[in-house]
Amino acid sequence: MNFVALRMLTGDRAKYIGLIFAIAFSTFLLENQSSIFAGIMKRTTNQILDVTDADIWVMDKKTLYVDEVKALTDNDLYRVRGVPGVLWAVQLFKGQPRAKALDGTYRVVIMLGLDDASLVGAPTRDKMLLGTVDDLRQPDAVIIDRVGYSFLFPRQPLALGRTLELNDHLVRIVGIAEASAPWGTFPVMFSRYSQAIKFVGRERNQLSFVLVKPQPGLAVQELCARIEEHTGLRAVSSIDFAWQTVRYYIRNTGIPVNFGITIGIALIVGAVVAGQTFYIFTMENLKQFGALKAIGVTNTRIVGMILLQALTVVAIGYALGSGIAGVFFTITLRNDPTRGMVLLWQNMLGVAGAISMAVFLASLLSIRRVLVLEPAVVFRG
Amino acid sequence: MNMRLAVACRAVEKDFGRGATRIQALRGVDLHVPFGELTMLVGPSGCGKTTLLSVIAGVLHATGDEVKILDERVDGLSGDRLVQFRRQNLGFVFQQFNLLPALTAAENAAVPLLAAGLPRKPSVARAAALLERLGMGDRVRAYPAQLSGGQQQRVALARALVHDPRLIVCDEPTSALDAEMGQQVMELLAAHAVHPDRATIVVTHDNRVFPFADRIARMEDGHIVSVTAELKEHVQP
């Protein structure tokens with residue numbers, strides 16, 4: 001009877017296409033919005049996750065997230081280094097000075113001041129497009145990310161040696177690298193710690209974070225606990241700090257509410273439209289189902305037929321919606337403002353579950369109507 | 001005379017609604033339908049013909065002494081056993097045909113075989129062969145919307161006969177057809193549905209088809225008021 005179920009489904013072209021469209025549209029919207037939301041949240045953590053050398057970030061214990069920093073004292077660095085189990089600990093400065101090009105173009109930039117000796121936190125070799133990380137050792141040298149470069153030097157080819165003004169300091173670009181997109185659209189710059197602290201307004205303390213590598217065999221969480229115990233500072237793993245930052249943005253911005261509303265509407269509209277269309281489709285076929293019941297098709301088989309119809313429209317609609325979402329993210333991935341936003345398999349899986357559940361619940365209404373249908377209905381004119 | 005009975009109903013009752021809205025559709029109906037005969041249930045609208053047919057067909061539960069169909073107490077069957085009994089033993093012809101619009105004539109006629117779990121190809125082939133015998137050989141691939149009312153009822157007849165059931169129940173099989181089509185359908189029904197081990201029950205208002213009956217049971221107000229034998233003078237063997 002499976003082919004009968006499928007022929008009944010595809011027999012009414014308008015409703016069949018309407019069902020597929022509703023599910024495809026809902027799938028696209030859900031995958032699109034949830035993936036963009038995840039991408040935006042990931043952006044808030046990119047400056048943390050881009051630092052791959054160190055495993056632990058040490059900061060003031062009241063620090064809420066990566067973009068709001070209370071400086072530590074230089075002495076804190078030495079105290080961290082003194083904690084048993086620390087292989088090495090280096091300083092990291094994070095500030096937001098204003099960079100101005102010679103033609104007057106300016107942008108606030110994220111300036112990362114790297115430990116002068118080790119340059120921990122610099123772009124990895126595979127991310128360098130022009131120049132090398134070691135070039136940072138030159139006087140007044142900075143590395144800038146490719147997208148930031150195109151902001152400050154629009155429509156100009158990538159080239160080293162160009163100069164920028166940072167807080168009355170003239171700096172020279174010695175390297176151009178790919179950097180993960182930051183929260184907002186700020187260019188990302190790297191410099192030595194000793195230089196970077198001069199590019200922002202002078203404060204008594206300048207040390208933003210201490211980056212720590214544990215000794216081999218020592219668990220990150222255990223060393224974090226030791227650092228906190230010995231210094232009174234907060235020490236967290238990179239991934240925990242990233243999640244802490246994500247939680248801050250979720251709790252303190254309207255982003256999740258905005259996306260949540262869109263996702264909720266997409267789910268409700270998708271479920272209601274698909275569910276209603278499916279329900280109407282079943283109601284219009286009620287007499288046919290009654291005839292099948294009278295002829296001798298069991299309730300179990302009819303439930304199977306309805307579920308097969310639901311599964312078919314979900315599978316086709318979901319595949320179409322996911323395909324459109326895939327094309328969307330393939331296009332946006334190539335655009336600088338939306339780079340790093342990808343269609344996550346976790347989101348696809350979640351959306352598949354949500355859409356299936358919505359249509360399944362809608363089909364339950366149809367199933368209920370068919371189950372309570374007396375086959376004697378076929379004898380009523 | 002000792003006749004073999006396909007249907008034996010004794011004191012069958014059926015109510016609809018409750019309290020003030022309660023309607024007694026069947027009030028102690030006794031009916032015997034012998035094998036090898038075409039029995040018609042006739043009577044005014046609302047007299048209980050269709051309700052009785054539904055009870056006999058096992059699609060509506062009634063109360064009463066006994067509803068015995070093909071020697072089986074259908075009032076004692078429930079759930080899947082009743083569905084299975086209908087699938088194996090009954091053929092249905094409905095007033096509005098109730099063909100599935102998305103299936104071809106042959107596929108529609110094959111539905112009882114498919115419902116019994118037979119493979120699609122041989123089922124459709126068997127249904128097509130039957131349609132050929134019913135004069136529909138050139139229309140087996142046509143969809144219901146492409147068929148006339150008479151042709152649709154022939155497909156419905158093929159659907160009722162394809163699994164070789166022992167009892168065929170028909171509800172107003174000619175009411176949606178013109179006189180000529182009605183005659184044709186009744187001729188086919190009488191020719192194919194009446195055999196020594198088969199019985200056919202037809203509910204009808206259409207007195208033009210009465211001559212096709214072996215027996216006519218008249219109903220009024222939920223009772224059988226008379227059963228008369230008729231000569232099948234218009235039917236060609």
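On a predicted model such as this, the values are computed, not experimentally measured, just so you know.
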So what's closer than 4.5 Å to chain A heavy atoms on [X]: side chain, backbone, both or neither?
X        : answer
B:Leu103 : both
B:Ser123 : neither
B:Glu172 : neither

Take atom [atom1] of [X] as the centre, draw a 6.0 Å sphere, and report whether it contains more than 12 heavy atoms from other residues, nucleotides or ligands.
X        : atom1 : result
A:Arg368 : CZ    : no
B:Phe97  : CZ    : yes
A:Met283 : CE    : yes
A:Arg247 : CZ    : yes
A:Phe328 : CZ    : yes

Quick one: does [X]'s side chain get under 4.5 Å of [Y]'s, heavy atoms only?
X        : Y        : answer
B:Pro101 : A:Gln288 : yes
B:Asn98  : A:Lys287 : yes
A:Glu374 : B:Val59  : no

With chain B as the partner chain, list the residues of residues 32-45 of chain A whose heavy atoms fall under 4.5 Å from it, by residue number, and write 'none' if nothing qualifies.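 Residues of residues 32-45 of chain A touching chain B at under 4.5 Å: none.
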Quiz: residues 7-14 of chain B side-chain donor-acceptor pairs under 3.5 angstrom, not counting sequence neighbours:
| unit_1 | atom_1 | unit_2 | atom_2 | d |
| --- | --- | --- | --- | --- |
| B:Lys14 | NZ | B:His61 | O | 2.7 |

Per-pair distances, 0.1 Å, donor-acceptor, side chain in residues 290-302 of chain A, under 3.5 Å, sequence neighbours excluded:
| unit_1 | atom_1 | unit_2 | atom_2 | d |
| --- | --- | --- | --- | --- |
| A:Lys293 | NZ | A:Asn299 | OD1 | 3.1 |
| A:Lys293 | NZ | A:Val370 | O | 2.9 |
| A:Lys293 | NZ | A:Leu371 | O | 3.3 |
| A:Lys293 | NZ | A:Leu373 | O | 2.8 |
| A:Thr298 | OG1 | A:Arg301 | N | 3.2 |
| A:Arg301 | NH2 | A:Asn2 | OD1 | 2.8 |

Pull out the residues in residues 80-89 of chain B that come under 4.5 Å of chain A, heavy atom to heavy atom, sorted by number.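 Within residues 80-89 of chain B, the residues that come under 4.5 Å of chain A (heavy atoms only) are B:Asp80, B:Val83, B:Arg86, B:Arg87.
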